[in-house]
Amino acid sequence: MGATVIDGNAVAEQLRAEIEEELRVLRLSAVRPGLATVMVGESFDAQAYEKHVRRLAEGLEYRYVSERLPADAELADVVATIGKMNADPRVTGVLVLQPLPEHVPEAAVNSALEPTKDIEAVHPLNAGLLAQGQPRFLPSTPASCFYLLDSYVTSQGHDASTYYSGRTLVVVGRSNSVGKPAQWLGLERNMTVITAHSRTAAAGRLGDFTRQADILIVAAGKPGLVTGEMVRDGVIAIDVGINAVKDASTGRTRMVGDLDFDGVAARAEAITPVPGGVGPITDVWLVGNAFAAAAMAQRVEPRFGLFR
Ligand code: NAD
């Protein structure tokens with residue numbers, strides 16, 4: 001059986017075009033999104049992500065503010081910078097780029113964000129709202145997984161509002177930004193949810209659980225972690241992992257996911273590639289959330305970033 005390879009770039013472009021259209025309409029009611037990124041240090045990943053997000057935001061004519069602090073900045077400096085963005089009426093969404101230096105505690109940074117500008121839903125209030133099924137914003141990566149899934153199941157003639165009910169979702173990974181919110185989104189869709197993580201693997205039981213998945217979302221950051229013999233025939237497999245590996249034959253570095261792509265594709269109904277799967281949608285979703293924040297500030301009903 002050949003799996004359908006879901007084209008994340010095409011879905012991302014569709015989402016971007018939808019945001020552009022909504023923006024065109026809502027500009028008439030003075031909705032003007034503004035996105036600020038806060039970067040501490042100069043990690044390659046944070047710089048690359050900032051560049052992507054900036055290009056997208058500016059392409060949609062958002063206001064864009066880039067705040068950069070040195071790697072040795074104290075927590076108080078980071079909190080003060082976030083406070084400045086919280087208070088700036090031109091900024092509707094604030095993103096603190098990861099990774100943060102080790103001496104800057106993530107929880108304190110998250111709590112410093114103004115909840116109405118916390119477009120990744122990392123402030124405890126927003127994470128709590130999400131866990132209770134009343135989200136203000138949907139965090140970009142897990143939301144993108146479900147946007148991709150919705151797009152795929154709809155393309156197969158299913159109704160995305162009922163398709164998930166009673167199916168089994170297995171999430172591999174339990175980070176605050178991906179694994180945990182992905183399980184909450186699955187529960188809201190009436191799925192039976194299993195969350196596996198590094199201790200599941202250490203107990204030698206990862207395959208026992210991944211084999212139960214109708215839909216599998218893997219976000220572990222371990223190249224090729226899930227192989228073909230760890231999934232059931234007909235699974236829909238979403239690969240969030242982004243891992244740089246050196247190709248033994250060419251010596252070049254390339255990006256791979258957490259799925260053993262060929263092995264899983266041989267059994268799956270559908271699969272996302274890396275690169276070109278979840279990643280491109282994530283950036284667009286985040287920018288969409290800054291738009292949703294702007295609309296909410298003007299008391300206009302936004303479509304993006306809200307539970308659908
Ligand atoms: P994280 O390091 O915070 O969490 C990783 C999770 O995976 C942990 O909960 C851990 O228990 C689990 N894990 C680790 N090893 C495991 C194993 N052998 N078996 C089972 N579970 C294991 O990472 P994160 O921020 O959640 O990101 C996960 C991956 O997704 C990374 O590769 C990251 O680069 C990628 N990512 C991609 C996007 C995107 O846009 N596509 C966005 C965010 C993260």
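Just follow the structure's listing: the first ligand is 1, and inside any ligand the first atom is 1. This chain uses plain numbering: 1 for the first residue, then up along the sequence.
Closest to atom 2 (O) of ligand 1, if we only count protein heavy atoms, is Ala220 O, 4.9 Å. Here the protein heavy atom with the shortest distance to atom 37 (C) of ligand 1 is Val240 O, 3.1 Å. Summary of contacts: the protein heavy atom closest to atom 19 (N) of ligand 1 is Ala201 CB, 3.3 Å. For atom 9 (O) of ligand 1, the closest non-hydrogen atom of the protein is Arg174 N, 2.8 Å. If you check which protein heavy atom lies closest to atom 25 (O) of ligand 1, you get Ser177 OG, 3.9 Å. If you check which protein heavy atom lies closest to atom 18 (N) of ligand 1, you get Leu225 CD1, 3.5 Å. Summary of contacts: the protein heavy atom closest to atom 43 (C) of ligand 1 is Thr141 OG1, 3.7 Å.
Look at Arg267 and Asp233 and you find a salt bridge, because one of the NZ, NE, NH1 or NH2 atoms lies within 4.0 Å of a carboxylate O, short of that distance. Taking 4.0 Å as the cut-off between side-chain N and carboxylate O, Arg16 and Glu20 count as a salt-bridged pair.
Taking only non-hydrogen atoms, the option from Val256, Val178, Ile242, Asp283 nearest to atom 34 (O) of ligand 1 is Ile242. Of the listed options Pro280, Ser175, Ser140, Pro275, Ser175 places a heavy atom closest to atom 23 (O) of ligand 1. When the heavy-atom distances from atom 31 (C) of ligand 1 to Gly221, Ser198, Pro99, Pro142 are ranked, the shortest goes to Gly221.
Evaluated for a side chain to side chain contact (heavy atoms under 4.5 Å, CB included) with Leu95, the options Val38, Asp118, Thr37 yield exactly one hit, Thr37. When the options Val218, Thr210, Val264 are evaluated for a side chain to side chain contact (heavy atoms under 4.5 Å, CB included) with Met230, the one that passes is Thr210.
Atoms of ligand 1 lying under 4.0 Å from at least one heavy atom of Gly173, given by number and element, are 6 (C), 7 (O), 9 (O), 12 (C). Short contacts between ligand 1 and His197, defined as distances under 4.0 Å to a heavy atom of the residue, involve ligand atoms 11 (O), 19 (N), 20 (C), 21 (N), 22 (C). In summary, the atoms of ligand 1 found under 4.0 Å from a heavy atom of Lys222, numbered by their order in the structure, are 15 (N). Close approach of ligand 1 to Thr282 is summarised as follows: ligand atoms under 4.0 Å from at least one heavy atom of the residue are 39 (C), 40 (O). For ligand 1 and Gly279, the ligand atoms under 4.0 Å from any heavy atom of the residue are 40 (O), 41 (N). Residue contact check: Val172 has heavy atoms under 4.0 Å from atoms 20 (C), 21 (N) of ligand 1.
Listed by first and then second residue, the side-chain hydrogen bond (donor to acceptor under 3.5 Å, both in side chains) pairs involving residues 66-83 are Glu50-Ser66, Glu50-Arg68, Glu67-Lys84 (not counting sequence neighbours).
With a 6.0 Å radius and a threshold of 12 heavy atoms from other residues, nucleotides or ligands, Arg90 has its CZ atom at or below the threshold.
Side chains of Asp159 and Ser161: a donor on one and an acceptor on the other come within 3.5 Å. Gln183 and Thr195 form a side-chain donor-acceptor contact under 3.5 Å, judged by distance and modelled atom types alone. A donor-acceptor contact closer than 3.5 angstrom links the side chains of Glu269 and Tyr152. Side chain to side chain, Thr154 and Tyr163 fail the donor-acceptor criterion of an N or O pair below 3.5 Å. Side-chain contact check for Gln14 and Ser151: no donor-acceptor pair (N or O, by modelled atom type) lies under 3.5 Å.
For Asp258, no nitrogen or oxygen atom sits less than 3.5 Å from a nitrogen or oxygen atom of ligand 1, counting backbone and side chain alike.
Judged by the 6.0 Å and 45° rule, Arg189 forms a cation-pi pair with Phe146.
At a heavy-atom cutoff of 4.0 Å, ligand 1 is contacted by no atom of Thr200, backbone or side chain.
Using a 4.0 angstrom heavy-atom cutoff, Ala219 counts as in contact with ligand 1. At least one heavy atom of Leu206 lies less than 4.0 angstrom from ligand 1. Contact annotation: Gly179 has no heavy atom less than 4.0 Å from any atom of ligand 1.
Atom 4 (O) of ligand 1 lies below 4.0 Å from at least one non-hydrogen atom of the protein.
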Which atom pairs, donor and acceptor, lie under 3.5 Å between side-chain atoms of residues 96-109 and protein residues at least two apart or in another chain?
unit_1	atom_1	unit_2	atom_2	d
His103	NE2	Ala73	O	2.7

